[in-house]
J.: 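Please see the structure below; I have some questions.
Please read all numbers here as calculations on a predicted model, not as lab measurements.
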Amino acid sequence: MRSIIDEIATAEEKAEEIRNNAVSEARELTTKAREEAEKALEGVDAHEREKTETVLKEAQAQGEELSAQMLAKMENEAKEVCARANAKIDDAVRYLVSKVQNQA
């Protein structure tokens, strides 16, 4: 009987050792999985950041191009308005000069 009790004790010790090893291995695998997940997340984050920067640069370039087009259009409109105003000023000056000459 003593040998059966010894075998049971030995089996219990091995079972405890196996359980401890399993717990330790599970912790290591969990830690490794967590680290890999964090690295993957960092990779995705960096990739998304690059995509965002690219889209932002494209939007900025489009905005600058649109701004330049609008400024050019406004400049042309301003030149046209100034040209019409100058033409009217010339007519007004001629009118005033003729009035002054007629009164003199």
Side-chain angles (χ1 to χ4, degrees):
M1 256 211 260
R2 185 90 168 127
S3 67
I4 292 176
I5 292 173
D6 289 340
E7 285 181 31
I8 291 173
T10 302
E12 286 177 348
E13 287 175 6
K14 285 184 180 180
E16 184 67 21
E17 184 180 324
I18 290 171
R19 188 187 73 75
N20 288 338
N21 287 340
V23 168
S24 176
E25 188 174 332
R27 283 185 188 135
E28 289 175 8
L29 288 173
T30 301
T31 301
K32 185 176 179 181
R34 182 177 292 126
E35 289 172 355
E36 289 175 359
E38 287 174 359
K39 285 181 183 177
L41 184 59
E42 288 172 4
V44 168
D45 188 41
H47 178 69
E48 290 302 316
R49 202 173 309 138
E50 288 175 11
K51 283 175 50 178
T52 301
E53 287 177 12
T54 300
V55 170
L56 182 60
K57 286 179 183 177
E58 289 173 0
Q60 186 175 4
Q62 289 176 354
E64 289 174 358
E65 182 179 337
L66 182 60
S67 175
Q69 291 173 357
M70 290 176 71
L71 284 172
K73 181 180 176 184
M74 289 171 62
E75 187 176 316
N76 288 336
E77 289 174 356
K79 285 180 182 179
E80 290 174 8
V81 168
C82 286
R84 285 194 303 252
N86 284 337
K88 290 181 179 181
I89 288 175
D90 290 343
D91 289 341
V93 169
R94 281 191 208 105
Y95 175 78
L96 292 174
V97 168
S98 73
K99 284 289 188 176
V100 168
Q101 287 176 347
N102 287 341
Q103 287 182 357

J.: With no hydrogens and no angle check, is any side-chain donor or acceptor of T52 less than 3.5 Å from a backbone partner on E48?
T.: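 At least one qualifying donor-acceptor pair exists.
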J.: Decide side-chain contact (heavy atoms from CB on, under 4.5 Å) for L66 and Q62; before the verdict, give the C-alpha distance in whole Å, the side-chain angles of both, and the deciding distance to 0.1 Å.
T.: CA-CA 6 Å; L66 182 60; Q62 289 176 354; over 6 Å; no
J.: Output the distance between atom CD (E7) and atom CD (E12), rounded to the nearest 0.5 Å.
T.: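 If we round to the nearest 0.5 Å, E7:CD and E12:CD are 12.5 Å apart.
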J.: So, taking the atom named CD in Q101 and the one named CG in L96, what distance separates them when rounded to the nearest 0.5 Å?
T.: 11.0 Å
J.: If you apply the rule side-chain contact (heavy atoms from CB on, under 4.5 Å), what do you find for K32 with E36, and how did you get there?
T.: CA-CA 6 Å; K32 185 176 179 181; E36 289 175 359; 3.3 Å; yes
J.: Taking it one step at a time, do E17 and K14 satisfy salt bridge (charged side-chain N to carboxylate O under 4.0 Å, His left out)?
T.: CA-CA 5 Å; E17 184 180 324; K14 285 184 180 180; over 6 Å; no
J.: Answer yes or no: does atom CD of Q69 have more than 12 heavy-atom neighbours from other residues, nucleotides or ligands under 6.0 Å?
T.: yes
J.: Is there a path of hydrophobic side-chain contacts, each under 4.5 Å between heavy atoms of I/L/V/M/F/W/Y residues, joining V81 to I89?
T.: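 Different clusters: I89 never reaches V81 through Ile, Leu, Val, Met, Phe, Trp or Tyr contacts under 4.5 Å.
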J.: Can you tell me if S24 uses its side chain to pair, donor with acceptor, with the backbone of N20 under 3.5 Å?
T.: no
J.: Let me see the working for D91 and R94 under salt bridge (charged side-chain N to carboxylate O under 4.0 Å, His left out), right down to the final yes or no.
T.: CA-CA 5 Å; D91 289 341; R94 281 191 208 105; 2.8 Å; yes
J.: Between T10, I4, I5, which is the residue that forms a side-chain contact (heavy atoms from CB on, under 4.5 Å) with I8?
T.: I4
J.: Step by step, work out the salt bridge (charged side-chain N to carboxylate O under 4.0 Å, His left out) result for K79 and E75.
T.: CA-CA 6 Å; K79 285 180 182 179; E75 187 176 316; 3.5 Å; yes
J.: If you measure from CG on L41 to CZ on R34, what distance do you get to the nearest 0.5 Å?
T.: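 L41 CG to R34 CZ: 13.5 Å, rounded to 0.5 Å.
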